[in-house]
Amino acid sequence: MSFTNVTVITHPVIQTKLTEIRDFAADHRKFRALLDEIASLMVYEVTRDFPTKTRVVQTPLEKTTGAVLARRVTLVPILRAGLGMANGVLRLLPEARLGHLGVYRDEQTLEPVSYYQKLPPDVSDTEVLLIDPMLATGGSAIAASSFLKKAGVASIRFVCLVAAPEGIQAFHGQHPEVPIYCASIDRQLNEKGYILPGLGDAGDRIFGT
Ligand code: PRP
Ligand code: URA
């Protein structure tokens, strides 16, 4: 199955770590460490076409021109599980600001429930990386992206670890221009809305709940 505006990052180092993180024997300490590492590695691909501008720099020998990112970056983890990716992304983008969107999905209806929103005041002038390890039905990512758009954000990239085909379709049904970056498109959702083969409940595995 192929989707437009979806980038699957197939780098072997990421795929090796993805395989390890799927393993149900990985305890929360190992799970957290792997998620953090994968998030860092994904940043290279996700930001590959970020615009840059020229910056003059004085080396010990002479002046030369280099590059800096043209736009500021805001990282927006979807709570809770998105927090597990935040430090990994920040390691490579230490200047980024951080917003937080609290969304959980109701276990019965699978509908997203938004419970917290805090964004930097100038978020609309920045490149936003919306992060959450899982794109299942798509409800949480759709709600978070809609909130960001209402706040005036024009440039969003959604970064996850594992995406379900159903979630990609639903997400791009609402937000077709928002690119999705993931490490895998898995087979399907089960009857409880979990991704198969997936990695289980990401929040529970990160936080040991
Ligand atoms: C998980 C995950 C996503 C959501 C994906 O969060 O981190 O936010 O489910 O499912 P969806 O695509 O069907 O909306 P969860 O609701 O378990 O909350 P948590 O992060 O607080 O554990
Ligand atoms: N949320 C998760 O954490 N895992 C899934 O498989 C689906 C939704």
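Remember, it's 1-based here, ligands and their atoms both numbered in the order they're listed. Everything numeric here is computed off the predicted structure, so don't read it as measured data.
When the side chain to side chain contact (heavy atoms under 4.5 Å, CB included) test is applied to Arg32, the partners found at least two apart in sequence or on another chain are His28, Ile206.
Judged by distance alone, with hydrogens and angles left aside, the side-chain atoms of Glu127 form no donor-acceptor pair with the main-chain N or O of Phe50 at under 3.5 Å. With His172 contributing its side chain and Val178 its backbone, the two residues share a donor-acceptor pair below 3.5 Å.
The distance from ligand 1 to the heavy atoms of Gly138 drops below 4.0 Å at these ligand atoms: 11 (P), 12 (O), 13 (O). Of all the atoms in ligand 1, the ones that sit under 4.0 Å from a non-hydrogen atom of Gly203 are 22 (O). For ligand 1, the atoms closer than 4.0 angstrom to any heavy atom of Ala81 are 7 (O), 20 (O). Those atoms of ligand 1 with a heavy atom of Met134 less than 4.0 angstrom away are 2 (C), 3 (C), 5 (C).
Closest protein heavy atom to atom 18 (O) of ligand 1: Tyr104 CB, 4.0 Å. For atom 17 (O) of ligand 1, the nearest non-hydrogen atom of the protein is Asp201 OD2, 3.9 Å. Counting only heavy atoms of the protein, atom 6 (O) of ligand 1 lies nearest to Val103 O, 4.9 Å. Residue, atom and distance of the protein heavy atom nearest to atom 7 (O) of ligand 1 are Asp132 OD1, 2.9 Å. The shortest contact between atom 13 (O) of ligand 1 and any protein heavy atom is with Thr137 OG1, 2.5 Å. Distance from atom 4 (C) of ligand 1 to its nearest protein heavy atom, with residue and atom name: Ser140 OG, 3.6 Å.
For atom 22 (O) of ligand 1, the nearest protein heavy atom is under 4.0 Å away. Protein heavy atoms come within 4.0 Å of atom 2 (C) of ligand 1.
With salt bridges taken as basic N to acidic carboxylate O contacts below 4.0 Å, none links Asp23 and Lys30. Between Lys192 and Asp201 there is no salt bridge, since none of the side-chain N atoms of the basic residue sits less than 4.0 Å from a carboxylate O of the acidic one.
Remark: Arg105 is positioned above the aromatic ring of Tyr194, its terminal NZ or CZ atom under 6.0 angstrom from the ring centre and at most 45 degrees off the axis.
Side-chain contact between Ile156 and Lys149 is present, with heavy atoms from C-beta onward closer than 4.5 Å.
Linking Ile, Leu, Val, Met, Phe, Trp and Tyr residues whenever their side-chain heavy atoms come within less than 4.5 Å leaves Val46 and Val76 in two separate clusters.
Summarising the contacts of atom 9 (O) of ligand 1 with Arg105, Glu111, Arg80, Met85, the nearest heavy atom is found in Arg105.
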Test salt bridge (charged side-chain N to carboxylate O under 4.0 Å, His left out) on Glu20 and Lys17; report intermediate values, then the result. CA-CA 5 Å; Glu20 286 184 69; Lys17 291 181 189 295; 5.4 Å; no
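With a heavy-atom cut-off of 4.0 Å, Ala136 touches ligand 1 through backbone and side chain alike.
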What does the N/O contact table under 3.5 Å look like for ligand 2?
from     : atom 1 : to     : atom 2 : distance (Å)
ligand 2 : 3 (O)  : Ala202 : N      : 2.8
ligand 2 : 4 (N)  : Gly200 : O      : 2.8
ligand 2 : 6 (O)  : Ile195 : N      : 2.8

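We find the CD1-OG distance between Ile78 and Ser145 to be 6.5 Å, quoted to the nearest 0.5 Å.
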